[in-house]
Amino acid sequence: MTLLCLPAVWVSWLILPLILTILLSVILAKMGQNTLIGWDGTIPVLGRALTVNSLFDIQWYIFALLVLFGGIWALHDNRHVSVDFLSLLMSPRQRLWVRMLGDLVFLVPFCAIIAWYGADFAEVAFRTAEGSTQGGLNSRWLIKMMLPLSFAMLGLLGLIRAIGTAIQLYCGDLTEDIQ
């Protein structure tokens, strides 16, 4: 289960480049400059130059990665959003049943649907060579592919967690932490 969180650990370090790109885009915009660096020819993903629009695209790519993979880490560490006031009214056994059924009935099917349709979404972006129309980054399929990948990983984690919870209930272990 911890292996599923490894991309989130790596992605969490992207906070630093995110801060840097925000600072650079603010400074460049204040100076009235659009192009940070230009070059001859094209570079995959970047195109012909690194512009303010490229920095904006990098910012939302990083933010998307943080949210998508951070959700996996949050579920693993049980730091996700929950309805605590209802949970407090339940016994530990009831909380485990709700967690297991919630994972199996809501989380896993939702993740499967998003992963299935997200793969088509990314494939169309790849096939059509979708890129920024405002001089930003090319190859949008790269970030769009992270949607089905992250939801497949989240669904797998939910399935593993549901199986672990079922084993806990079967064995009579009413602790709510499973690792």
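With respect to E123 and K144, no salt bridge is recorded, no charged nitrogen being found less than 4.0 Å from a carboxylate O. A salt bridge links R140 to D57: at least one charged side-chain nitrogen sits closer than 4.0 Å to a carboxylate oxygen.
A donor-acceptor pair under 3.5 Å is absent between the side-chain atoms of S139 and the main chain of W141, judged by distance alone. A donor-acceptor pair is defined here as one N or O able to donate and one able to accept, closer than 3.5 Å; no such pair exists between the side chain of W39 and the backbone of L50. Here the side chain of T35 pairs no donor or acceptor atom with the backbone of G38 at under 3.5 angstrom.
In this structure, S132 and F56 have side chains that are not in contact, with every pair of non-hydrogen atoms separated by 4.5 Å or more. For the pair L68 and L147, the minimum side-chain heavy-atom distance is below 4.5 Å. Using a 4.5 Å heavy-atom threshold, the side chains of L154 and L107 count as touching. Under the 4.5 Å side-chain criterion, counting only non-hydrogen atoms from C-beta, V98 is in contact with M90. Taking 4.5 Å as the limit, some side-chain heavy atom of L24 sits within range of a side-chain heavy atom of L36.
Atom CG of residue L18 and atom CG of residue L14 lie 8.5 Å apart, to the nearest 0.5 angstrom. Taking CH2 from W60 and CG from L66, the interatomic distance works out to 13.5 Å, rounded to the nearest 0.5 Å. A distance of 11.5 Å separates CG of L86 from CD of Q94, quoted to the nearest 0.5 Å. Between N34 atom CG and L28 atom CG the span is 8.5 Å, to the nearest 0.5 Å. If you take CD1 on I62 and CD1 on I22, they are separated by 8.5 Å, rounding to the nearest 0.5 Å. Once rounded to the nearest 0.5 Å, the distance linking CG of L169 with CG of L96 reads 5.0 Å.
In this structure, a donor-acceptor pair under 3.5 Å is absent between the side chains of T42 and R48. Judged by distance alone, the side chains of Q168 and R93 never bring a donor and an acceptor atom under 3.5 Å apart.
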* To do: Check step by step if side-chain contact (heavy atoms from CB on, under 4.5 Å) holds for M153 and L157.
  => CA-CA 6 Å; M153 291 171 65; L157 179 63; over 6 Å; no
* How far apart are the C-alpha atoms of L149 and F69, what are their side-chain angles, what is the distance that settles it, and do they pass the side-chain contact (heavy atoms from CB on, under 4.5 Å) test? -> CA-CA 9 Å; L149 177 64; F69 290 101; 4.1 Å; yes
* Run the side-chain contact (heavy atoms from CB on, under 4.5 Å) check on N138 and L46 step by step: do they pass? -> CA-CA 6 Å; N138 300 326; L46 294 176; over 6 Å; no
* Asked: Are L104 and L159 close enough, and set up right, to give a side-chain contact (heavy atoms from CB on, under 4.5 Å), and what steps lead you there?
  -> CA-CA 7 Å; L104 291 174; L159 183 62; 4.1 Å; yes
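Taking every heavy atom of both residues into account, A115 and P148 meet most closely at O-CB, 3.3 Å. Closest of all the heavy-atom pairs between M100 and A162 is CG-O, 3.7 Å. For the pair I143 and A64, the tightest heavy-atom approach, listed with the atom from each and the gap, is CD1-CB, 4.2 Å. The two residues A49 and S54 have their closest heavy-atom pair at O-OG, 3.7 Å.
Both I58 and L20 are part of a single hydrophobic cluster, where members link through side-chain heavy atoms under 4.5 Å apart. The hydrophobic clustering, which links ILVMFWY residues whose side-chain heavy atoms are closer than 4.5 Å, places L23 and Y61 together. F110 and L4 end up in the same hydrophobic cluster when Ile, Leu, Val, Met, Phe, Trp and Tyr side chains are linked at under 4.5 Å. There is a path of hydrophobic side-chain contacts, each under 4.5 Å, that joins F126 to I114. One hydrophobic cluster, built from ILVMFWY side chains closer than 4.5 Å, holds both I113 and W116.
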